Amino acid sequence: MNLRLHDTATREVRDFVPLEEGKAGIYVCGLTVQSEPHIGHVRSAVNFDVLRRWLTASGYDVHFIRNVTDIDDKILTKSAEQGRPWYNLAYAMHAELTRALASINVLPPTYEPAATGTVPEMIELIETLVERGHAYAAEDGSGDVYFDVRSWPSYGELTRQGIDDMEPAGDADPRGKRDPRDFALWKGWKSSEPESAAWPAPWGRGRPGWHIECSAMASKYLGPAFDIHGGGVDLRFPHHENELAQSRAAGKPFASYWLHNAWITTAGEKMSKSLGNSLLVPSVLERVRGIELRFYMVSAHYRSHVEFSFEALDEAATSFQRIESFLERVPAGVVGDDLVGGSAGSPSTSSHTAQLPESFVAAMDDDLGTPAAVAVIHDTVREGNRLLADGGDATGVAAQVRAMLGVLGLDPADAGWTDGSGAEAEQLRSAVDVLITALLEDRAQARADKDWGRADAIRDRIKAAGIEIEDTPSGPKWSI
RNA sequence: GGUGGGUUGGCCGAGAGGCGAGGCAACGGACUGCAAAUCCGUGUACACGGGUUCAAAUCCCGUACCCACCUCCA
C-alpha cells in the first residue's frame, strides 16, 4: 500500500505521487511571530512533523520548509503598543516558538526562512505579475500594489468559490483597488509606521503583503513546483487561495497537494489571547510533560477538531504512561539502544519500516491515521505485557513499540526529550534514588519480618512524597 | 448569501455498508501479605424522522443543533 493524503484542492484522499521519485518537498505556513505560542499553534507543527517523519520513515528524502512571518500589521500594532521595536518583538516571539516546538520534539525544518529575508524575491515575483497583467500599482499614489483577481479566471479554485459569491471585505479600505476582492502584494509605507519596517521597491518604499511571502519562499527553496503545501484550515482562504493564484499567474505550477489541519478549540471557540495564559505551551507543560502533550495531539486525527480539556489531556498522559511503563519493564539494552534506525542524515532510514507492524504502516499510509496507529501501539504493548507476565522475552516487541513511537516523534529515549535541565535533574534523581533505596531496604526487612504495618507505613510515607512503589520480580521500583 | 466540516458509549477518540478500533474511568476475576503494576473478562454507542438494502453508525431524502472560512488568524 502506498501513502494516500487528503488534498483540499480535490477534496479527496489521493495516492501520494511525488514530482521526483524518492523525494518530497513540503512547505508549511508557520506562525506570525507576534505573541507566545499556545497549544493550538503548535498542533499544526506537530501534525506536519508527523507527516515529515512518516515520509522520511517511508524512505523519502524530505525537504521541509517552514517559514516565519516576521513583519505584518499585527506585529507593527503590538510592538507599538508595547513600546518596542517591531523586529525585537518578532525576534523574541520567534525564540519562544522555537523553544515551544523543541519542547514537544518537533524536528527543526530543513530551513526556516523569514519573510524579511526574502523581500527581493517577493519584489521579483510582483514585477512578474505586473508584467503579465495580473497586478497593478494603485493609482492613488499610496505605493500599494494589488493582485487583480478578475484577471485570473481560476481564482477561487482551491476553495471552490466564485468571486461574485464572496463577501466583499467589510472593513475594506477600497483605496486604489479595482475590485474590493483584490489583495495587497505590496503595501506602501505610511508615515505612521516605523521607517525600519519598509524596504526599497520599484513602487516606492514599503513592505510585503501577507500572501506574497509564502509564494516567494516556497519557490525559492522548493522550486516553482513542489509536492505538499500545509497549514491550518483557516489558511485555506484567503491565504492559500491567494498564494495559489499569484503563483500560477506568475507561471509556477506550485503545490501538488494541499493539506490542512483542524483546530484545537476551547469551550467551543478558537483560542485567543483573551483566554489568558493557561494554554500557552510553557504553562501546559507545568501540568504534563512535553511527550504527553504530543501524545495527546497525535491521538486525534489531524483533520479532526479537538475540543481541548485538561481532563482529556490528563487522560492522554495516563494512557501514554502505560506505554512507557511497558518499555521500562523490558530488560535494559532495548530502551537505551538507538534502534529507531539511523540518526538524521543516515541513508538507511527506510530500513526501520521493516520492523513496523503492517497494521501500523497501513494506518499511517491512510492519510496519516494516527489514531489507528496509536491503537496498534496499545495492542502491541498488551502483547508485550502478556509475554512479560509469562516470563517470555519481550525485547522484540519493545523494539517494535519504540519504532512506532519513533515515527510519531514519541520515543521516550529520543534525544529530543532531554531538556535543558538535564544535568541538574540527573543529580536530583540520583540523590532521590539513594534515599528511596534506603527506605526500600527498611521496607524489605519489615516484609521479611512479616511486619506488614511497618512495611506499609514506609510505602505510604514514600507515596505521600509523590513517589509510587511497584514490586516487580526483580525487586521494587520507584517512579514519580 | 457562498463554501466546507461536524453530532459515536460515563469520558476521550477512530471507523464509513456485514465481525463492538483503541484508550481513560467503572465493575468482576487472576497475581500479591495487602497494594501497585500487569493479564483475563464485563458495554446491546453512533442527533432525530423517513427511505434503499438480505444487512445502515456508514448510502439517499428530510429535520434539528453546532462549528469553521468568506481578505488579521495554526
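Note that this is a predicted model, so its numbers are computed, not measured. All chains are named by letter (A, B, ...) in the order of the sequence lines, taking the proteins before the strands, and each is independently numbered beginning at 1.
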Does any N or O donor sit under 3.5 Å from an N or O acceptor when you compare the side chain of [X] with the base of [N]?
X      : N     : answer
A:R459 : B:A36 : no
A:D164 : B:G2  : no
A:R447 : B:G33 : yes
A:R236 : B:C70 : no

What class does the angle between the rings of [X] and [Y] fall in, given that below 30° is parallel, 30 to 60° is tilted and above 60° is perpendicular?
X      : Y      : result
A:F254 : A:W258 : tilted
A:H41  : A:H38  : parallel
A:Y257 : A:F16  : tilted

*To the nearest Å, how far apart are A:I104 CD1 and B:A74 C1'?*
12 Å
*asked:* In whole Å, I'd like the distance from the CZ atom of A:R382 to the P atom of B:C39.
replied: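 Taking atom P of B:C39 as the reference, CZ of A:R382 is at 7 Å.
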Classify the nucleic acid contact of [X] as base, sugar-phosphate or nothing, counting any heavy atom under 4.0 Å across all strands shown.
X      : result
A:S309 : nothing
A:L235 : sugar-phosphate
A:H378 : sugar-phosphate

Determine which nucleotide pairs with [N], using a 3.5 Å limit on both distances of a Watson-Crick or G-U wobble pair.
N     : answer
B:C39 : B:G29
B:C11 : B:G23
B:G62 : B:C48
B:A68 : B:U3

*Residue A:R386, side-chain heavy atoms: nucleotide from B:G13, B:U71, B:C39 that is nearest*: B:C39
*Of all the choices, B:A14, B:C67, B:G22, which nucleotide is nearest to the side chain of A:S304 once you look at every atom?*
B:A14
*Between A:R11 and A:G40, name the one whose nearest nucleotide on RNA chain B is closer to the 5' end.*
A:R11
*asked:* By nearest heavy atom, map A:V306 and A:K463 onto RNA chain B; which one lands nearer the 5' end?
replied: A:V306
_Presence of A:N385 side-chain N/O under 4.0 Å of B:C39 phosphate oxygens OP1/OP2_ =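 Yes, A:N385 has a side-chain N/O under 4.0 Å of OP1/OP2 on B:C39.
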*Which residue, A:F183, A:W186, A:F237, forms the ring pair (Phe, Tyr, Trp, His ring centres under 6.0 Å) with A:H211?*
A:F183
*NZ or CZ of A:R178 within 45° of A:Y146 ring axis and under 6.0 Å*: no
